[in-house]
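One structure is given below, encoded as structure tokens.
Keep in mind that the numbers below use all heavy atoms, side chains included, and drop hydrogens, waters and symmetry copies. We're numbering straight along the sequence, starting at 1. The shown structure was predicted, so the numbers you read here are calculated from the model rather than taken from an experiment.
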Amino acid sequence: MNRSDGLRTQDAEEFARLLQLALESREIRRLLRPVAAVIDAEQLRVRALRELGSIAAAAAAEHRAFLRAATTAQARTEVHPGPDDASADPEPERGGLLAVLAVLTPVLAAMAAVLFLLIGCALQLVGFHPHLARALRNSGWMFTGLAALSALPGLAALLITAARNRPAAQAGPAPDPEAARAYDLWRRALLERGILPHLREHIAAARHTSDPEPPPTTTG
């Protein structure tokens, strides 16, 4: 989204970040010390943000070049998607299947254990088919052990899947080299030809205010 000063919102945010870096630089802090009673860093910040348009105009050519490079890179990406966009990576799918199995195995084993134990105990209480009741109870205890044994490997599988999928979820498209180079050139021009000269000019004006020239002496 473009603003009235011609900068996009993200570019105005970068302007504010560069302004902060300039205000914290050794040069500006050294120049501010003698005029601390007249102007400070916060006042300089407010003035610079108020005059953002005129300051950014010093690097207007570099900004236009950066916008052209960014637009070209975006159009190129839309026409020729990268390998990550053209085909799905099977690794996340395999990781997702592993996570599902890790969750379902102990749950299903526990459900089977409860079911077999309940039926086996019920048959034993009523004295119906004691051999079947014993077999069901043994199966229930077997599934109980399976649920316990599969719980820890299942947790480990979940952790491995999460660690494997985190970089893929956080990674974005690779920046276009030409657009990145144009962006750095614009930032450098904005700082060196726009922000720093603006700050120096206002500090120099404050110095003249704090040290007015003495009135000329008259002889008579």
**Request:** Have a look at Asp176 and tell me which of Arg181, Arg68, Arg76 forms a salt bridge (charged side-chain N to carboxylate O under 4.0 Å, His left out) with it.
**Result:** Arg76
**Prompt:** Which atom pair, heavy atoms only, marks the closest approach of Ala179 to Ala69?
**Reply:** CA-CB, 3.8 Å
**Message:** Is the shortest side-chain heavy-atom distance between Leu32 and Val35 below 4.5 Å?
**Reply:** yes
**Message:** Let me confirm one number: the CG-CD distance from Leu23 to Glu42, rounded to the nearest 0.5 Å.
**Reply:** 8.5 Å
**Prompt:** What residues form a salt bridge (Lys or Arg N to Asp or Glu O under 4.0 Å) with Glu51, not counting sequence neighbours?
**Reply:** none
**Item:** Approximate separation, where rounding is to 0.5 Å, of Met142 CE and Thr144 OG1
**Value:** 9.5 Å
**Criterion salt bridge (Lys or Arg N to Asp or Glu O under 4.0 Å) on Glu14 and Arg17, from CA distance to verdict** = CA-CA 5 Å; Glu14 182 63 18; Arg17 196 179 74 84; 3.0 Å; yes
**Prompt:** So which heavy atom on Leu31 is nearest to which on Ile203, and how close?
**Reply:** O-CG2, 3.5 Å
**Message:** Side chains of Arg187 and Glu62, heavy atoms from C-beta outward: is any pair under 4.5 Å?
**Reply:** no
**Prompt:** Crowded around Met111 CE? As in, over 12 foreign heavy atoms under 6.0 Å?
**Reply:** no
**Request:** Quick one: pull up CD1 in Ile28 and CG in Leu21 and give me the separation to the nearest 0.5 Å.
**Result:** 12.0 Å
**Message:** If you define the side chain from C-beta out and look only at heavy atoms, does anything of Leu67 sit under 4.5 Å from Arg8?
**Reply:** yes
**Request:** May I ask you to decide if Arg134's main-chain N or O and Asn138's side chain share a donor-acceptor pair within less than 3.5 Å?
**Result:** yes
**Request:** Please report the shortest heavy-atom distance between Ala16 and Leu49, naming the atom on each side.
**Result:** CB-CD2, 4.5 Å
**Asked** Considering only heavy atoms from C-beta outward, does the side chain of Ile119 approach that of Leu132 to under 4.5 Å?
**Response** no
**Prompt:** Are the side chain of Glu192 and the backbone N or O of Ala189 linked by a donor-acceptor pair below 3.5 Å?
**Reply:** no
**Asked** Looking only at heavy atoms, what is the nearest atom pair of Leu196 and Ala22, with distance?
**Response** CD2-CB, 3.8 Å
**Request:** Starting from the C-alpha separation in whole Å, work towards a yes-or-no answer on side chain to side chain contact (heavy atoms under 4.5 Å, CB included) for Leu19 and Leu191.
**Result:** CA-CA 8 Å; Leu19 174 60; Leu191 182 63; over 6 Å; no
**Request:** Might you confirm whether atom CZ of Arg200 has over 12 heavy atoms from other residues, nucleotides or ligands at distances under 6.0 Å?
**Result:** yes
**Request:** Calculate, to the nearest 0.5 Å, the distance between atoms NE2 and CD1 belonging to His198 and Ile55 respectively.
**Result:** 4.0 Å
**Prompt:** So do the side chains of Leu136 and Leu117 get within less than 4.5 Å of each other, counting heavy atoms only?
**Reply:** no
**Message:** Can you see whether Gln20 engages Glu24 through a side-chain donor-acceptor pair at a distance of less than 3.5 angstrom?
**Reply:** yes
**Request:** Under the side chain to side chain contact (heavy atoms under 4.5 Å, CB included) rule, what do Arg47 and Ile39 come out as? Steps first, then yes or no, please.
**Result:** CA-CA 11 Å; Arg47 292 182 183 182; Ile39 194 170; 3.5 Å; yes
**Prompt:** Which atom pair, heavy atoms only, marks the closest approach of Leu7 to Ala56?
**Reply:** CD1-CB, 4.0 Å
**Prompt:** Mind checking whether Phe66 and Asp11 have side chains closer than 4.5 Å, heavy atoms only?
**Reply:** yes
